[in-house]
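Below is one structure, written out as structure tokens; the observations come after it.
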There are 2 protein chains.
Amino acid sequence: MNDDSWQTPIVMLAVDLVILTLRRSRLHILLVERGVRPHRGALALPGGFLRHIDEEIPDAARRELAEETDLDIETVHLEEFRVYGSPGRDPRGRVVSVAFLAIAPRLPEPTAGTDAAAARWQPVDGVLAGDVRLAFDHRRIAADGVERARAKIEYSALATAFCGPTFTITELQEVYEAVWGIQLDPRNFYRKVQKTDGFIIPAGTERKAATGRPARLFRAGPHKTLYPPMVRPVVSAALTGEGT
Amino acid sequence: MNDDSWQTPIVMLAVDLVILTLRRSRLHILLVERGVRPHRGALALPGGFLRHIDEEIPDAARRELAEETDLDIETVHLEEFRVYGSPGRDPRGRVVSVAFLAIAPRLPEPTAGTDAAAARWQPVDGVLAGDVRLAFDHRRIAADGVERARAKIEYSALATAFCGPTFTITELQEVYEAVWGIQLDPRNFYRKVQKTDGFIIPAGTERKAATGRPARLFRAGPHKTLYPPMVRPVVSAALTGEGT
DNA sequence: CTAATAGTGTCTATCAGACACTATCCT
DNA sequence: AGGATAGTGTCTGATAGACACTATTAG
């Protein structure tokens with residue numbers, strides 16, 4: 001840091017949210033319809049500018065989460081994952097955006113009413129494939145956020161953030177299958193996830209499904225880092241190949 | 001992103017660099033002595049404000065690397081890892097800093113002469129333990145950067161960035177030992193690293209040491225992601241415990 | 001009973017870790 | 001030869017993946 005702070009170029013600071021959840025066993029992302037000028041009417045990630053000069057960046061992310069969606073801040077996992085600040089990314093000027101990854105538990109119904117009326121869950125596959133056009137560089141941000149989630153459920157307990165306070169092992173498996181886009185063997189998954197120290201702990205009760213044997217319920221365990229990690233099966237040499 | 005861009009608080013944007021290398025088999029970090037007002041004379045991470053309103057953030061990081069150190073930009077690995085933007089972190093105003101992790105190959109001598117005269121390599125252990133006082137929140141940033149490096153050499157080829165264009169397997173092992181702060185079995189490491197697809201490739205030649213059998217030389221392979229990953233031995237339950 | 005889902009047992013190929021051993025340089 | 005470092009062979013215990021089997025519910 002040098003001393004020329006008075007003639008330093010100044011930028012506008014924003015936060016953007018990649019909010020993921022599972023709906024009908026598929027990974028979905030929350031998008032909002034823009035109501036204002038640049039890209040008005042287009043779909044975009046929830047987000048916005050810093051409100052006050054003293055606002056903490058994570059607070060801004062939580063505030064946008066509360067304002068633009070009807071999600072419960074308490075139950076949503078939120079973490080910063082990258083900064084986007086290329087000069088040309090916003091026509092209003094130099095906007096530097098801190099991107100957050102948010103994981104919401106399964107929700108029975110989409111958002112509605114309130115201020116979050118414009119919010120809609122969209123299947124991630126389609127969004128990343130370009131089925132819907134996103135404002136600014138938001139498709140890139142969404143892709144990076146999804147990739148971060150894919151990588152992070154390997155070695156962290158992030159997958160439990162997709163579930164409610166208690167969940168069955170089958171539900172947890174559905175998270176891995178949806179995020180990774182693959183099938184896993186239920187028997188092996190069952191033991192693997194139980195053997196991973198501190199990942200999940202029994203919640204005592206059981207849950208009856210429409211049919212079949214009732215499943216035991218679990219809670220997220222104390223450990224945030226998984227050892228041993230969940231290993232993503234190798235599809236081919238492609239996965240191990242050139243990436244960041 | 002909402003429309004109130006004209007009354008959005010504006011911030012100064014900076015970059016800070018956590019530059020790591022190996023010196024005498026120990027992990028070192030490059031620190032500079034501040035020559036200007038806030039924390040003048042104190043040690044700090046290399047870094048500085050954005051120079052032009054159109055400057056790309058990674059370009060600013062590369063520019064500071066060139067200006068404040070005598071390292072060769074071409075050989076230094078550089079990647080963003082986190083943003084620090086708390087309101088109180090800089091007395092000059094709201095400064096949001098994008099932190100970069102830089103990995104430099106082994107260097108025979110420290111920096112000297114030129115503009116980078118104030119730059120000094122310091123052992124990471126001492127810096128993180130608080131032996132030297134760092135300006136601003138730079139000790140926290142340094143700790144986060146080191147932790148990122150520790151985690152990333154597990155599943156990425158980042159460790160090769162600590163080595164020159166060609167290196168021996170023993171040199172690569174020293175990287176893992178220094179960054180993780182543990183000892184590894186040379187025999188098992190030798191085969192493990194060779195079996196990991198695309199991690200290192202033979203360079204044909206050999207290198208004679210002062211004593212002992214000459215070692216084969218290798219180059220970094222094409223894969224940036226390691227499969228299977230290098231596994232960090234479990235020290236106890238502590239490693240698997242509550243972290244981010 | 002059948003259908004359906006939850007959970008257990010067990011075999012096999014692979015791999016991490018321990019460590020004896022061989023190879024190739026220097027003096 | 002002796003010292004030192006590079007590189008190989010091999011055993012053992014643990015684990016991922018495949019998959020047969022048992023358990024518990026609803027109807």
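Proteins get letters first, then strands, A, B, ... in listed order; numbering begins at 1 in each.
With rounding to whole Å, Arg187(A) atom CZ is found 11 Å from dG9(C) atom C1'. What separates CD of Glu171(B) from C1' of dG7(D) is a distance of 16 Å, to the nearest Å. For the pair Leu184(A) CG and dA18(D) C1', the interatomic distance rounds to 14 Å; values are reported in whole Å. Between Tyr190(B) atom OH and dA16(C) atom P there is a gap of 17 Å when expressed in whole angstrom units. As a whole-Å value, the separation of Phe189(A) CZ from dT8(C) P is 15 Å. Per the geometry, CD belonging to Glu206(B) stands 9 Å off C1' belonging to dT24(C), to the nearest Å. Atom CZ in Arg207(A) sits roughly 21 Å away from atom P in dA4(C) (whole-Å rounding). Phe167(A) has its CZ atom 14 Å from the P atom of dA6(C), to the nearest Å.
Residues forming a side-chain hydrogen bond (donor to acceptor under 3.5 Å, both in side chains) with Gln194(A) (at least two apart in sequence, or on another chain): none. Partners of Asp125(A) under the side-chain hydrogen bond (donor to acceptor under 3.5 Å, both in side chains) rule, at least two apart in sequence or in another chain, do not exist in this structure. Scanning for side-chain hydrogen bond (donor to acceptor under 3.5 Å, both in side chains) contacts around Arg133(B) gives an empty result, with sequence neighbours left out. With sequence neighbours excluded, no residue satisfies side-chain hydrogen bond (donor to acceptor under 3.5 Å, both in side chains) with Arg148(B).
Under 3.5 Å, the side chain of Arg191(B) and the base of dG17(C) form no donor-acceptor pair of N or O atoms.
Between Pro214(A) and Asp185(A), it is Asp185(A) whose nearest contact on DNA chain D lies nearer the 5' terminus.
The pair Arg63(A)-Asp59(A) does not count as a salt bridge, with every side-chain nitrogen at least 4.0 angstrom from each carboxylate oxygen. Salt bridge Glu171(A)/Arg207(A): present, at least one basic N to carboxylate O contact under 4.0 Å. By the 4.0 Å N-to-carboxylate-O rule, Arg106(B) lies close enough to Glu174(B) to be salt-bridged with it.
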Pull out every protein N or O sitting under 3.5 Å from an N or O of nucleotides 3-5 of chain D, one pair per line with the distance.
| from | atom 1 | to | atom 2 | distance (Å) |
| --- | --- | --- | --- | --- |
| dT5(D) | O2 | Arg213(B) | N | 3.2 |

Short N/O separations, protein against nucleotides 12-16 of chain D, under 3.5 angstrom:
| from | atom 1 | to | atom 2 | distance (Å) |
| --- | --- | --- | --- | --- |
| dA16(D) | OP1 | Lys192(A) | NZ | 2.9 |

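Note on ring orientation: taking the six-membered ring where Trp is involved, the planes of Tyr155(B) and Tyr155(A) are parallel (angle under 30°, cut-offs 30° and 60°).
Dashed line: the shortest gap from a side-chain N or O of Arg216(B) to OP1 or OP2 of dG7(D) is under 4.0 Å.
Residue Pro105(B) comes nearest to Thr21(B) through the heavy atom pair O-OG1, 3.0 Å, listed as atom of the first residue, atom of the second, then distance.
Residue Asn188(B) places its side chain closer to dA18(C) than to any other of dG9(C), dA18(C), dA20(C).
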